[in-house]
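To start, the structure itself, in structure tokens.
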Amino acid sequence: MSDLRLSDPVTLISSDSFTPDEIARIEVVAPALRAGTKEARAALPADQRASIKAIANKGHRAIDGAQMDLFPNLKLIAQFGVGYDAIDVAAATARGIKVTNTPDVLNEDVADLAVAMMLGWARQIPQGDAWVRNGTWASGRELPLNRKMSGAKVGIAGMGRIGRAIADRLAAFNMEVHYCSRGEKDTPGWTYHTDVVALAAAVDWLVVAVVGGDSTRGYVSRAAIEALGPQGVVINIARGTCIDEEALIEALQQGKIAGAGLDVFYNEPHVDARLIAMDNVLLQPHQASSTVETRRDMSMAQCANLAAFFAGEALITPVN
Ligand SMILES: O=C(O)C(=O)CO
């Protein structure tokens, strides 16, 4: 790379979903070029591909081994997001490529949205809003009774940093907290279960907060969903792949569970039409971390990793 000019782009921005502010931050670290699709990346001239040392990735833009091989001098993939299931980390490791993510800064927002979806589902907030706006209330009809959330039993599947932030909030609602996790945690008296089926059987609310990726594909199984029972509600702020979505849809259609609040789906942003058709399902467009404050912090965390890499310093939040 001795013929590399200082102005040659060394970072590839691999998603069209970065905002102008986020792109500007990446460009402050080092010269960058944008190629938001596989086609655009494949069409880059070989000398431009050879100058790329880091990829700034966001969301679900899948980076597999073949994508990595387009860039012979690639040494870092800096993911915007705590989840890095879009990146084939094993393929990266095999090629000597480091992967980083942006953990922690989004815990509170993701936990807030989990609680908001629980309250929104229980207290029928979307339905109540429509009731007022479309004149049903003015016509004299009362909204059907809500479900009480405070004091109920909740199971958190995955007691990592986000699961913990959710549990802390729900404890303040006087909920009886149960959880399952890779191991028992130091908690204020919450009940540990070794598997998700036993967890679901013990509670009415099941909140999914496990990591995404192959290790948790279908983790909330048909058996777990059915164990929740006809009063049960599933909340998912993790990844669509963490739940057997087909089993979830069938359980909802057949009244085997009462409802669901979903921020994530198998095939985002194309949500299964059967979920859209059910009014006992509260749907969100994968927006758990989407606040101005947190997205700024995630962008800064991504750029801190890029900056450390280009300065030859230790990465801040390495994954591999
Ligand atoms: O950061 C992530 O991976 C998210 O999905 C936030 O919702």
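Counting starts at 1 for both ligands and their atoms, in listed order. For the single chain, residues carry numbers from 1 onward in sequence order. Bear in mind the structure is a predicted one, so any value in this text is a computation, not a measurement.
- At least one side-chain heavy atom of Arg169 sits less than 4.5 Å from a side-chain heavy atom of Glu108.
- With a 4.5 Å cut-off on side-chain heavy atoms, Ile97 and Ile55 do not count as touching.
- Closest protein heavy atom to atom 4 (C) of ligand 1: His286 NE2, 3.7 Å.
- Partner Asp263 forms a side-chain contact (heavy atoms from CB on, under 4.5 Å) with one of His286, Glu268, Arg239 and no other, that one being His286.
- Nearest to atom 2 (C) of ligand 1 among the protein's heavy atoms is Val82 N, 3.6 Å.
- The atoms of ligand 1 that sit less than 4.0 Å from any heavy atom of Gly83 are 1 (O), 2 (C), 3 (O).
- Here the protein heavy atom with the shortest distance to atom 6 (C) of ligand 1 is Ser289 OG, 3.5 Å.
- Those atoms of ligand 1 that come under 4.0 Å of a heavy atom in Ala288, given as number and element, are 7 (O).
- Separation of atoms CG (Asn267) and OG1 (Thr241) is listed at 12.0 Å; rounding is to 0.5 Å.
- For Asp263, no heavy-atom contact with ligand 1 is shorter than 4.0 Å.
- In the model, Asn146 has a side-chain atom that pairs as donor or acceptor with a side-chain atom of Gln124 under 3.5 Å.
- If you check the side chains of Gln67 and Arg41, you find a donor sitting under 3.5 Å from an acceptor.
- Between the choices Gln287, Gln79, Lys58, Arg239, the shortest heavy-atom distance to atom 3 (O) of ligand 1 belongs to Arg239.
- Of the polar atoms of Met298, none of the N or O atoms is found under 3.5 Å from an N or O of ligand 1, judged by distance alone.
- With a 4.5 Å cut-off on side-chain heavy atoms, Arg147 and Trp121 count as touching.
- For Leu106, no nitrogen or oxygen atom sits less than 3.5 Å from a nitrogen or oxygen atom of ligand 1, counting backbone and side chain alike.
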